[in-house]
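Please read the structure below before turning to the comments.
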Amino acid sequence: MATSILVVEDSRVTRAQIIAELRKAALFDSYYEAVDGVEGLKVLAAGAIDFIVCDLMMPNMDGLTFLEVVKGKTELRDIPIVMLSAQEESALKIKALHGGASDYITKPFNPGELVARIMVHLKVKALQDEMRKANELLKELSITDHLTHLYNRRYMMDMLEMEFERARRNKGNLCLILIDVDHFKLVNDTYGHQQGDIVLAAVAEVIQAEIRCYDKGVRYGGEEFAVILPGNSLQDGVAVAERVRQAVLSIAFPSPIEYLSITISQGVAALPSTSIDSINALIRATDEALYRAKHNGRNRVETMTGSKVLDGGSKAGPENAR
Ligand code: GH3
Ligand code: MG
Ligand code: MG
Ligand code: MG
């Protein structure tokens, strides 16, 4: 990955010396310079900088102020900054380290030391970046279902908790859909577990494709899915569920299940509702609606009110080849 450094130093000679030494060591791919903090901030605003060497004493904006501004900006605060200081500026050096500087180098600097120290901080930065990426990946894995890449049930409960509170506070809408694949056991029994997995992944893909980016598609359990729709009413949820139901009907599976036709049953419940005062009550209401969808013939959407909202029409289980 290309790396770039910004040298902020009012002395033209010192600036040139630093850049010459760093070029000799081939530590960076691009070199930027600025005569004071103000100009330094302009360079930072213009593009990606990976490392900063900054003088303490400069006109217009001095090194400490520059440091404070950079460390105060979320998008800049991870850039390591090594301060340059004259021998006698001990109190300032301490202030700079407290202010977030990675290190300081005393002028006149020893070229070998300058390069070595910068290398140390580049290594530390690389390790930090690696750790951050690993943490992000871990977090991602901990909330994702590995077969379908939808969110897992644990994350769903966290999300529901947050959204439930928000909806209650704002007296807003919150809709939940529970989805169950019809006669799925038959798919496994007929074509094997592996083909069953392919079906589940395909259904998940359809769900994901039919919802908005702020809705959450969840693998709720085995062949059961859920969708959390923040800010959506029961009617909104029914419309989404109906879209998903239609889309599932037209999934084209690969061989050897190319003649398989899959249907889903869905239950929908939503806030605000006088009868729902907890997450469990919301899930229960949705589950009851789903149960009714099964009971009333599958391949359909039912709502918590008990009224039949949409009828899937034609029967079609996995046993019904197209
Ligand atoms: P219904 O229409 O009443 O929902 O019938 P069903 O056959 O879909 O329901 P049932 O609960 O009897 O069967 C669900 C099946 O889903 C049983 C289980 O083996 C299967 N299953 C659960 N998780 C997975 C999975 O990760 N992969 C595969 N291939 N099958 C799974
Ligand atoms: Mg100076
Ligand atoms: Mg089930
Ligand atoms: Mg099922």
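All of these numbers come straight from a predicted model, not from anything done at the bench. Whatever order the structure lists them in is the order used to number ligands and atoms, beginning at 1. Heavy-atom basis, side chains included; hydrogens, waters and symmetry copies ignored. Nothing fancy with the numbering, it's 1 onward along the sequence.
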Please name the atom of D10, restricted to N, O or S, that is closest to the Mg ion (ligand 2). OD1

Option passing side-chain contact (heavy atoms from CB on, under 4.5 Å) with V53 (candidates I118, V8, L6): I118

At a threshold of 2.8 Å, where the distance has to be below it, does the Mg ion (ligand 4) have an N, O or S atom of V181 nearby? yes

Give a yes or no on whether the backbone of Y191 and the side-chain of Q195 come within a donor-acceptor separation of less than 3.5 Å. no

Quick check on side-chain contact (heavy atoms from CB on, under 4.5 Å): which of L160, N173, D215 does P230 satisfy it with? D215

Please name the atom of D180, limited to N, O or S, that comes nearest to the Mg ion (ligand 4). OD1

Smallest heavy-atom separation, R117 atom then Y104 atom, equals NH1-O, 3.7 Å

Shared hydrophobic cluster for M83 and V70 (ILVMFWY, side-chain gaps under 4.5 Å): yes

For the Mg ion (ligand 3), the closest N/O/S atom belonging to E224: OE2

Could you check which N/O/S atom of E223 is closest to the Mg ion (ligand 4)? OE1

Is the Mg ion (ligand 2) less than 2.8 Å from an N/O/S atom of M57, whether that atom is in the backbone or a side chain? yes

Which atom name does D55 have for its N/O/S atom nearest to the Mg ion (ligand 2)? OD2

Taking atom CZ as the centre, does R12 end up with more than 12 heavy-atom neighbours from other residues, nucleotides or ligands that are less than 6.0 angstrom away? no

